[in-house]
Chemist: 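The structure under discussion is supplied below as structure tokens; questions concerning it will follow.
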Amino acid sequence: MKMEDINLYLPRDKHDFERVAQLHYLDKSILIPIIPTLVEWLQDINWPIAMEVANVLLKHPAESIPHIKNVLKTKDDIWKEWCLRFFVEELPNPYIEQFRADLIRIAYSPTEGELLEEVNETALKILDLMKNDFNHPQLQFVMDIMGDFNKPWLIAGGWAVDLGLGCMTREHEDIDICVYREDAQAVLDYLKDWEIKVAVPGEHRLVDYEQLSDLSLPRYCLHLFRGDDFLEILFTERLGDEILFRKNNNITMPMEQFALRDTAERPFVNPVWQLLFKSLAPREKDLADFQQYLPLLKDEEKRWLTNGIRLMKPDSDWLDKLSV
């Protein structure tokens, strides 16, 4: 579209409500090319037409999101604030999740300008809203299954990372749970109606569970089947209130740090613990989990993870990203 044609549809000034009203009725083939220019009207929400322009953009979220994300990469912190408050915060949750990495970065690693304009606080608020809405059938499934189990248990694996983030960042094939090894008999009794298989480490095969000794170390994983349902249980060692890393018992974590709960009271393994496992032979999804959670890591957590990786995989390229 030529510039002179674009100018036929763009607001002429900050009081041009007439042209903004007409934007609602434009064909998408005409509207989409002018979205980048419309986003500029969010630079000052006090301009009379700014709120109306935001409403136009909210009707076309998929087309507007890339341009709003570009604003979040600029140094115009007031513009970022208005985009977050009057566009991102108003989106349905699935669209807000597309801003997750931007929100985490601004909330937990803000620039001086973002701190000054309190953009980080707005980002935190939006992240909290996402947490309150965060649910998934797999999460509900495991909460329903384990709801009456009277021993400690925790959601593990990639879902633990997403629970720590407070939003779903990727698809998960299934859901794993962690149970302390001393409670193995209790969980086996609790799930006695399921078909239970024991994973044999290093052999990529399952054997039938027959007696508790079938779970002796180095075995640590059960696969359970019931019709179309599947559940994986990982047994974790502990010594008193210290959790022992399965592959190196010199790596430990206090239980109060290991076992966390989200705002919906769902128990999950500390994502930092999961990332240590993921660092040993990282797949594409493990790297994605690491990159998503990295901005949330506090210095103490970075040091713990760095020390663990140095012991387990000193040539890991994750170490450069973890420098405190």
Side-chain angles (χ1 to χ4, degrees), residues 42 45 54 57-58 61-62 64-136 138-140 143 154-155 157-172 257 259-275 285 287-302 305 321-322:
L42 300 189
I45 210 67
L57 297 173
L58 285 166
S64 299
I65 283 173
H67 305 290
I68 299 294
K69 288 174 77 71
N70 286 337
V71 172
L72 300 182
K73 295 185 175 97
T74 71
K75 294 182 179 180
D76 191 330
D77 300 305
I78 295 177
W79 194 6
K80 295 177 193 176
E81 173 71 4
W82 299 140
C83 285
L84 291 184
R85 285 176 58 185
F86 296 96
F87 180 81
V88 177
E89 189 174 340
E90 298 300 321
L91 290 169
N93 206 51
Y95 286 114
I96 297 179
E97 288 183 1
Q98 295 184 40
F99 289 93
R100 171 184 26 80
D102 302 286
L103 292 167
I104 289 172
R105 202 279 305 159
I106 294 170
Y108 296 99
S109 303
T111 64
E112 289 186 14
E114 289 165 346
L115 281 170
L116 183 64
E117 299 299 336
E118 300 181 344
V119 189
N120 60 311
E121 293 187 11
T122 301
L124 277 170
K125 176 185 175 184
I126 296 172
L127 287 170
D128 284 341
L129 291 173
M130 293 170 69
K131 289 180 180 180
N132 291 337
D133 277 342
F134 175 37
N135 205 349
H136 189 276
Q138 287 183 4
L139 293 173
Q140 192 58 53
M143 292 299 291
L154 306 160
I155 295 169
W159 269 120
V161 178
D162 274 359
L163 285 168
L165 286 164
C167 56
M168 183 175 173
T169 64
R170 63 176 176 84
E171 294 296 326
H172 300 271
Q257 295 177 20
L260 305 179
R261 286 184 179 269
D262 72 351
T263 55
E265 287 299 308
R266 293 174 293 208
F268 65 99
V269 172
N270 189 322
V272 181
W273 184 272
Q274 293 295 164
L275 291 177
K285 63 182 180 180
L287 178 58
D289 288 344
F290 173 67
Q291 291 173 331
Q292 296 293 353
Y293 202 78
L294 182 60
L296 267 66
L297 290 173
K298 300 174 184 176
D299 285 352
E300 181 183 348
E301 294 171 325
K302 284 185 179 180
L305 186 54
K321 300 180 177 66
L322 283 167

Chemist: Closer than 3.5 angstrom, by distance alone: can the side chain of Gln138 be matched with the main-chain N or O of His172 as a donor-acceptor pair?
Modeler: yes
Chemist: Could you pull out the closest heavy-atom pair between Leu154 and Ala259, with the gap in Å?
Modeler: CD2-CB, 3.8 Å
Chemist: Could you go through Arg100 and Ile104, starting from their C-alpha distance and side-chain angles, then the distance that decides it, and tell me whether this counts as side-chain contact (heavy atoms from CB on, under 4.5 Å)?
Modeler: CA-CA 6 Å; Arg100 171 184 26 80; Ile104 289 172; 3.7 Å; yes
Chemist: Please check if the number of heavy atoms outside Gln257 that lie under 6.0 Å from its CD is greater than 12.
Modeler: yes
Chemist: Hey, what do you get for CD1 (Ile68) to CH2 (Trp82), rounding to the nearest 0.5 Å?
Modeler: 14.0 Å
Chemist: Are Leu42 and Val71 close enough that some pair of their side-chain heavy atoms sits under 4.5 Å apart?
Modeler: no
Chemist: Measuring only between side-chain heavy atoms, which start at C-beta, is Lys69 closer than 4.5 Å to Cys83?
Modeler: no
Chemist: Kindly indicate whether the side chain of Ile96, heavy atoms from C-beta on, has any atom under 4.5 Å from the side chain of Leu103.
Modeler: yes
Chemist: Decide yes or no for Leu72 and Leu84: does some side-chain heavy atom of the first lie under 4.5 Å from some side-chain heavy atom of the second?
Modeler: yes
Chemist: Give a yes or no on this: more than 12 heavy atoms of other residues, nucleotides or ligands lie within 6.0 Å of atom NZ of Lys73.
Modeler: yes
Chemist: Is there a side-chain contact between Phe99 and Ile126, using heavy atoms and a 4.5 Å cut-off?
Modeler: no
Chemist: What is the minimum heavy-atom distance between Leu58 and Pro61, and which atoms define it?
Modeler: O-CD, 3.3 Å
Chemist: Can you give each donor-acceptor pair under 3.5 Å made by side-chain atoms of residues 107-116, sequence neighbours left out, with the distance rounded to 0.1 Å?
Modeler:
from	atom 1	to	atom 2	distance (Å)
Thr111	OG1	Glu114	N	3.1
Thr111	OG1	Glu114	OE1	3.4
Glu114	OE1	Arg105	NH1	2.7
Glu114	OE1	Thr111	N	2.8
Glu114	OE2	Lys80	NZ	2.8
Glu114	OE2	Arg105	NH1	3.4
Glu114	OE2	Arg105	NH2	2.8

Chemist: Is there a side-chain contact between Phe290 and Lys321 in this structure, where contact means two heavy atoms from C-beta onward sitting under 4.5 Å apart?
Modeler: yes
Chemist: Just wondering, do Phe87 and Ile65 contact through their side chains at under 4.5 Å, heavy atoms?
Modeler: yes
Chemist: What heavy-atom pair brings Ala123 and Ile106 nearest, and what distance separates the two atoms?
Modeler: CB-CG2, 3.9 Å
Chemist: Evaluate the criterion side-chain contact (heavy atoms from CB on, under 4.5 Å) for residue pair Val88 and Thr122; output intermediate values, then yes/no.
Modeler: CA-CA 10 Å; Val88 177; Thr122 301; over 6 Å; no
Chemist: May I have the step-by-step check of side-chain contact (heavy atoms from CB on, under 4.5 Å) for Arg266 and Asn135, ending in yes or no?
Modeler: CA-CA 11 Å; Arg266 293 174 293 208; Asn135 205 349; 3.5 Å; yes
Chemist: Output the distance between atom CD (Glu81) and atom CG (Asp76), rounded to the nearest 0.5 Å.
Modeler: 11.5 Å
Chemist: Just by distance, do the side chain of Lys125 and the backbone of Glu89 share a donor-acceptor pair under 3.5 Å?
Modeler: no
Chemist: Calculate, to the nearest 0.5 Å, the distance between atoms CD and CD1 belonging to Glu118 and Ile78 respectively.
Modeler: 11.5 Å
Chemist: Enumerate donor-acceptor pairs with a distance under 3.5 Å from any side-chain N or O in residues 163-171 to protein atoms, sequence neighbours excluded.
Modeler:
from	atom 1	to	atom 2	distance (Å)
Thr169	OG1	Asp162	OD1	2.6
Arg170	NE	Asp289	OD1	2.9
Arg170	NH2	Asp289	OD2	2.9

Chemist: How many angstroms lie between atom CG of Leu305 and atom CG of Leu322, to the nearest 0.5 angstrom?
Modeler: 5.0 Å
Chemist: Of the non-hydrogen atoms in Gln274 and Gly157, which two are nearest, and what is the gap between them?
Modeler: OE1-N, 3.2 Å
